[in-house]
Amino acid sequence: MTDTSQRPNSALQFARANKSIPGGVNSPARAFGAVGGTPPFIARGEGPFLFDIDGNKYIDYIGSWGPHILGHRHPAIIKAIQAALETGTSFGAPTVAESDLAELVISLVPSIEKVRMVNSGTEATMSAIRLARGFTGRDTVIKFAGCYHGHVDSLLVQAGSGALTLGTPSSPGVPAGCTSDTLVLPYNNVPAVTEAFEKNGDKLAAIILEPVCGNMGCVIPSDAFLQALRQLCTAHGCVLIFDEVMTGFRVGMNCAQERLGITPDLTTLGKILGGGMPVGAYGGRADIMDAVSPVGAVYQAGTLSGNPVAMASGLATLQQLKADNPYPQLEERANQLADGLLDAAAQAAIPVQINRVGSMLTMFFNEQPVTDFMTATASDTEKFSKWFHGMLDRGIYLPCSQYEALFVSATHTTELIDETIQAAREVLATI
Ligand SMILES: *Cc1c(COP(=O)(O)O)cnc(C)c1O
């Protein structure tokens with residue numbers, strides 16, 4: 001169990017927050033529900049580090065759950081945000097920065113010919129589903145067990161991330177009618193998808209998936225699975241949606257679709273796209289995107305969508321990624337971490353599975369390979385809790401659930417990775 005005596009101020013603030021905010025947090029994954037104890041309250045971030053209000057320093061492997069691939073407070077991003085602030089915070093009218101970011105996204109993401117900015121990943125997936133339904137004139141959507149697409153009503157069935165961690169695979173407050181057109185299938189299972197198309201092919205509006213899953217922990221798709229999805233969608237006029245809110249600009253400059261060699265019809269983005277500000281986007285084939293209002297009839301809007309401060313942050317982030325190309329280094333560092341963790345676990349005789357794609361990875365306390373929801377949830381979450389708290393007490397800030405991916409940033413040095421592996425050796429020896 002965690003040593004809260006290291007964090008008395010955070011414990012006090014958590015008790016205070018619990019009186020005015022449900023569970024003390026504005027997003028459930030932050031509450032330590034799965035691992036027990038109380039979360040550090042963060043005072044500031046710098047590069048690969050977080051500092052809490054108790055004066056503790058952590059090597060951060062969450063990066064705000066994905067956005068900070070360049071580390072905290074990257075100077076170019078901070079400068080761009082400050083410059084945007086000087087001109088105002090929101091106008092509710094077109095700005096040049098919106099076209100700048102749209103064009104950059106289109107140039108980087110193979111499937112995207114037109115793109116609409118929104119304010120979160122949830123908004124992006126919700127809008128993409130509505131668009132696919134409006135465009136096809138069909139209702140049924142396929143999602144995969146363990147994939148998380150934000151808290152969209154119709155997609156909150158056997159969802160991953162916080163929903164999985166908290167053991168509420170479907171949420172109260174989602175009417176049965178909202179999910180009755182959602183088919184949930186196992187990830188990486190070609191026969192199940194083939195059968196669904198044989199039975200319902202002419203009713204299927206869309207398939208939505210994480211092209212590399214991060215929200216049941218990192219789960220890697222098979223080539224055969226992705227190719228089957230592409231072929232079935234094309235043959236049946238069904239819209240293939242890659243939810244790249246996590247993988248977009250994370251597993252490569254051109255997202256998972258380029259890395260995996262599959263072109264979806266629509267793509268959703270978020271997280272890194274905003275560089276730490278609230279930004280989401282959905283985009284894809286121009287003929288589909290032109291069904292969106294005001295060109296087409298599928299309605300979607302947002303008072304703060306394309307916000308100038310958020311656009312400046314996103315633009316600076318993608319420009320910096322393009323200029324630096326940190327991806328080869330990210331690959332190396334994440335591989336160094338994975339190898340070190342595997343070795344540390346082997347020495348402690350603890351069975352683990354590490355799934356990694358680029359700089360996202362999960363160490364599962366599991367004896368069997370993890371390829372889908374069923375195998376992921378066979379993991380030993382008690383061991384995970386001990387691991388998590390042991391690492392936190394040694395200044396290593398990992399995601400507080402077995403069913404999340406950790407992220408390496410461009411600011412994580414080989415020395416910091418070594419320090420992390422050393423801490424892992426100590427912690428695994430005590431489990
Ligand atoms: C984080 C995430 C979302 C939700 O994004 P929010 O900005 O939290 O609404 C959707 N899909 C995937 C794959 C995600 O990782």
Novice: Check for a donor-acceptor pair, side chain of H389 on one end and backbone N or O of G36 on the other, with a separation under 3.5 Å.
Specialist: yes
Novice: So which atom in P211 and which in A256 form the shortest heavy-atom distance, rounded to 0.1 Å?
Specialist: CG-CB, 3.7 Å
Novice: Quick one: are I53 and I42 in side-chain contact, heavy atoms under 4.5 Å?
Specialist: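 The answer is no; the side chains never approach within 4.5 Å.
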Novice: Are Q257 and T263 linked by a side-chain donor-acceptor pair shorter than 3.5 Å?
Specialist: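 Looking only at side-chain atoms, T263 and Q257 do not form any donor-acceptor pair under 3.5 Å.
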Novice: Is the backbone of G274 close enough, under 3.5 Å, to the side chain of S313 for a donor and an acceptor to pair up by distance?
Specialist: yes
Novice: Taking G390's backbone N and O only, do any of them form a donor-acceptor pair with E426's side chain (distance below 3.5 Å, no angle check)?
Specialist: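 Between the backbone of G390 and the side chain of E426 there is no qualifying donor-acceptor contact (under 3.5 Å).
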Novice: Backbone N or O of H149 within a donor-acceptor pair of the T125 side chain at under 3.5 Å?
Specialist: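 Pair found, side chain donor or acceptor close to backbone of H149.
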Novice: If you apply the rule ring-ring contact (aromatic ring centres under 6.0 Å, His included), what do you find for F388 with F32, and how did you get there?
Specialist: CA-CA 10 Å; F388 168 80; F32 280 24; 5.0 Å; yes
Novice: Here's one to test your reading of the geometry: is the NZ or CZ of K57 within 45 degrees of the ring axis of F49 and under 6.0 Å from its centre?
Specialist: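 Yes, cation above the ring, under 6.0 Å and within 45°.
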Novice: Do F407 and D60 have side chains that get closer than 4.5 Å, going by heavy atoms?
Specialist: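 No, every pair of side-chain atoms sits at 4.5 Å or beyond.
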Novice: For D343, which residues count as a salt bridge (Lys or Arg N to Asp or Glu O under 4.0 Å) partner, sequence neighbours excluded?
Specialist: R425
Novice: How are the rings of F14 and F41 set to each other: parallel, tilted or perpendicular (split at 30° and 60°)?
Specialist: perpendicular
Novice: Got more than 12 heavy atoms from elsewhere within 6.0 Å of CD, E367?
Specialist: no
Novice: Please list all pairs meeting ring-ring contact (aromatic ring centres under 6.0 Å, His included) that have one or both residues in residues 412-431, counting only residues at least two apart or in different chains.
Specialist: Y61-H412
Novice: Is a salt bridge present between E331 and R250, judged by a nitrogen-to-oxygen distance below 4.0 Å?
Specialist: no
Novice: Please say which of L185, I241, L229 ends up in a side chain to side chain contact (heavy atoms under 4.5 Å, CB included) with I207.
Specialist: L229
Novice: Spell out, as yes or no, whether a donor-acceptor pair under 3.5 Å connects the side chain of D324 to the backbone of P326.
Specialist: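 No, D324 side chain to P326 backbone: no donor-acceptor pair under 3.5 Å.
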Novice: Between Y327 and S359 (side chain of the first, backbone of the second, donor and acceptor by atom type, cut-off under 3.5 Å), is there such a pair?
Specialist: no
Novice: Go through the side-chain N and O atoms of Y187 and E210 and say whether any donor and acceptor fall under 3.5 Å apart.
Specialist: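 E210 and Y187 do not have a side-chain donor-acceptor pair below 3.5 Å.
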Novice: Contact between N215 and M246 at the side-chain level, heavy atoms closer than 4.5 Å - yes or no?
Specialist: yes
Novice: Any salt bridge between K386 and E382, counting N to O under 4.0 Å?
Specialist: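 Between E382 and K386 there is no salt bridge, as every charged N stays at least 4.0 Å from the carboxylate O atoms.
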Novice: Have a look at R356 and tell me which of V408, L361, V212 forms a side chain to side chain contact (heavy atoms under 4.5 Å, CB included) with it.
Specialist: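 In the set V408, L361, V212, the residue that makes a side chain to side chain contact (heavy atoms under 4.5 Å, CB included) with R356 is L361.
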Novice: Decide yes or no on side-chain hydrogen bond (donor to acceptor under 3.5 Å, both in side chains) for Q336 and D418, but give the supporting numbers first.
Specialist: CA-CA 8 Å; Q336 181 195 348; D418 278 339; 3.1 Å; yes
Novice: Return the set of residues passing side-chain contact (heavy atoms from CB on, under 4.5 Å) with S154 (not counting sequence neighbours), or none when no residue passes.
Specialist: I129, R133, V152, T182
Novice: Under the side-chain hydrogen bond (donor to acceptor under 3.5 Å, both in side chains) rule, what pairs show up with a residue in residues 10-32, not counting sequence neighbours?
Specialist: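 Passing the test, one end in residues 10-32: S10-D54, Q13-R16.
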Novice: With a 4.5 Å heavy-atom cut-off, do F242 and L226 have their side chains touching?
Specialist: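 They are in side-chain contact.
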Novice: Among residues two or more places apart or on two chains, list those pairs meeting salt bridge (Lys or Arg N to Asp or Glu O under 4.0 Å) that have a residue in residues 104-122.
Specialist: K114-D290
Novice: Does the N355 side chain pair with the main chain of C218, one donor and one acceptor, at a distance under 3.5 Å?
Specialist: yes
Novice: Determine yes or no for a side-chain-to-main-chain donor-acceptor pair under 3.5 angstrom, with T362 supplying the side chain and E404 the backbone.
Specialist: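 Yes; judged by distance alone, with no hydrogens or angles, the pair exists.
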Novice: Show the atom names and distances, to 0.1 Å, of all donor-acceptor pairs under 3.5 Å that link a side chain in residues 139-146 to residues at least two apart or in another chain.
Specialist:
residue, atom, partner, partner atom, Å
K143, NZ, C147, O, 3.1
K143, NZ, V157, O, 2.8
K143, NZ, Q158, O, 3.1

Novice: Give me the atom names and distance for the closest heavy-atom approach of T413 to R333.
Specialist: CA-NH1, 3.8 Å
Novice: Where the side chain of S222 meets the backbone of F225, is there a donor-acceptor pair that is under 3.5 Å apart?
Specialist: yes
Novice: Has the side chain of Q368 got a donor or acceptor atom that lies under 3.5 Å from a matching backbone atom of T375?
Specialist: no
Novice: Please report the closest heavy-atom contact between I396 and A423, naming both atoms and the distance.
Specialist: CG1-CB, 4.0 Å
